[in-house]
Amino acid sequence: MIHPPGQQDAHTIWARCLELIKDQVTYQAFKTWFEPTKPLQLDGSTLTIQVPSQFFYEWIEEHYYALVRKTMVQVLGDQAQLRYHTVVDNPNEPAEARFITVPNRAAAAAGATVKYPATQTGLPFSTPSIQQQAKPESTYLNPRFTFENFVTGECNQLAYAAAKAVADNPGGTRFNPLVIYGGVGLGKTHLVQAIGHHVMQQRPGSSVVYISSERFTLEFVNAIQHNKSQEFINYYRNADVLVVDDIQFFSDKEKTQDNFFHTFNALHHTGKQIVLTSDVPPKQLRGVDDRLISRFQWGLTTDIQPPDFETRVAILQKMSSSEGYNLPPDVIEYIARNVTNSVREMEGCLISLLAESSLRNLSLTLDLTREVVNGIAVMADPVITIEQIQNAVCEHFGLPISLLTGKTRKQEIVQARQIAMSLIRELTNTSLKTIGNHFGGRDHTTVMHAITTVDSLKDRDDPTRRALFAIRQKLNVAGK
């Protein structure tokens with residue numbers, strides 16, 4: 001395909017930008033938000049691209065502004081500017097009038113296109129503006145990651161409470177350091193950045209530095225290469241709150257670990273707050289010095305578990321509301337039941353659904369939701385409901401559902417009830433409180449006792465083992 005003069009350069013420039021962007025976002029995010037864009041014109045250092053709708057323009061500006069800015073500067077230089085050519089869905093207008101050209105959102109507020117500043121140097125501690133300050137500037141906090149936007153549930157209650165306590169009194173609690181661990185995409189980064197936002201809001205002038213362990217290592221290496229080691233040391237040891245994400249990546253980096261050991265000691269000794277995240281508890285870290293692991297365990301270590309169904313629903317409701325949508329309950333429930341691996345994956349499905357709806361001008365229906373989720377999500381095993389498990393247990397024991405959920409304490413019914421509770425907890429990831437509610441409003445401690453009892457019996461009591469095997473067969477699930 002031959003492009004007109006000027007347009008050919010636009011295609012080349014935007015193709016280079018997309019190659020860089022592709023390496024820094026998820027596959028689905030790139031497919032959803034960047035592949036549908038088209039380069040239109042390059043006028044000096046101003047690039048104009050076409051996006052399918054106003055919704056696309058707003059989403060890219062809201063969620064990828066910093067990334068696009070950095071990429072534009074990298075490809076076009078410090079004077080780079082970006083403008084959007086947005087399709088307006090109005091078939092009554094002539095073709096040439098059905099487009100609007102807008103600058104980026106920050107520029108629109110000021111009435112002009114904003115020039116993208118140069119990317120941040122790899123040595124933030126060596127810039128004159130920071131060297132002249134007693135404390136480093138707060139860095140790298142995502143404005144969306146606040147306590148107000150964080151949804152709590154049984155899966156993260158302790159971590160949330162500890163984070164709030166630290167944010168209210170940084171360095172003044174026994175939670176120093178605060179270590180939050182858990183799987184990918186469960187909200188660790190959101191929670192620790194919320195601490196930073198809260199401290200900055202409540203204590204103006206405080207220095208909050210958020211950094212990943214990988215970037216900490218990179219900056220340490222750059223500091224050595226540029227003879228800036230002392231500036232590096234001063235920068236991080238002058239922070240009031242230091243948040244380091246993914247400390248497991250310190251593994252086998254001996255020099256970085258040694259430097260961080262001394263930084264940790266200096267901050268802790270002066271009563272400064274240290275917050276860390278990891279994918280495993282400190283004692284399970286591999287390739288990390290024992291003296292560091294010991295210090296990581298000085299304060300509070302707490303985990304974040306995958307959210308249960310109710311929490312997933314609440315998270316999706318909050319996400320959609322923040323984007324200005326009121327999704328139908330069946331749509332939210334379908335996503336919540338079928339996307340269970342992480343909050344991040346749920347968000348990916350949600351934004352893809354909103355994009356499909358906008359791009360194809362379709363209503364947010366259950367059919368569209370199935371199409372999107374089935375296309376991009378790692379689907380969970382076939383959904384098993386509480387009611388299905390209760391019915392399978394009742395069928396096996398020959399009981400009516402009213403006895404299983406009722407108040408009777410007959411031994412054979414108690415046994416069936418306990419097996420049902422245990423299977424629900426195992427197969428549905430439902431909270432203890434919710435399980436209790438499905439059995440006549442029983443307390444969560446009763447559910448815990450039932451699970452413990454079944455766990456202790458299944459390996460030594462033949463009737464219990466046979467019952468569990470038979471009920472699992474009815475539900476078409478493998479036994480553990």
Check: [Y] and [X] side chains under 4.5 Å, non-hydrogen atoms:
X	Y	answer
Leu368	Leu353	yes
Met421	Glu426	no
Phe150	Phe145	no

### Query
Going by the ring pair (Phe, Tyr, Trp, His ring centres under 6.0 Å) test, which pairs reach into residues 435-472, not counting sequence neighbours?
none

### Query
Run the side-chain contact (heavy atoms from CB on, under 4.5 Å) check on Leu327 and Leu350 step by step: do they pass?
CA-CA 10 Å; Leu327 294 183; Leu350 179 62; 3.4 Å; yes

With a 3.5 Å cut-off and no angle check, do the side chains of [X] and [Y] form a donor-acceptor pair?
X	Y	value
Gln273	Asn176	yes
Gln390	Thr405	no
Thr189	Asp245	yes
Asp443	Thr445	yes
Asn259	Thr256	no
Tyr181	Gln248	no

### Query
Taking the six-membered ring of Tyr334, is the NZ or CZ of Arg370 close enough (under 6.0 Å from the centre) and on axis enough (within 45°)?
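Verdict for Tyr334: a cation-pi partner in Arg370.
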
### Candidates Phe264, Tyr236, Phe249, Tyr210 - the one meeting ring pair (Phe, Tyr, Trp, His ring centres under 6.0 Å) with Phe216
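Exactly one candidate clears the test, Tyr236.
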
### Query
Where does the angle between the aromatic ring planes of Phe34 and Phe30 fall among parallel (under 30°), tilted (30 to 60°) and perpendicular (over 60°)?
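Ring orientation, 0 to 90° scale: parallel.
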
#### Entry: His198 ring center within less than 6.0 Å of Phe147 ring center
yes

### Query
Any Lys/Arg nitrogen of Lys164 or Glu148 sitting under 4.0 Å from an Asp/Glu carboxylate oxygen of the other?
no

### Query
Counting only heavy atoms not in Lys474, do more than 12 fall under 6.0 Å of its NZ?
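Yes, because the 6.0 Å sphere around NZ of Lys474 holds more than 12 heavy atoms from other groups.
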
### Query
Counting heavy atoms not belonging to Lys22, are there more than 12 under 6.0 Å from its NZ?
no

### Query
Looking at CD1 of Ile293 and CZ of Arg286, how far apart are the two atoms once the value is rounded to the nearest 0.5 Å?
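It comes to 8.0 Å.
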
### Query
What distance do Leu276 atom CG and Thr301 atom OG1 have between them, rounded to the nearest 0.5 Å?
9.0 Å

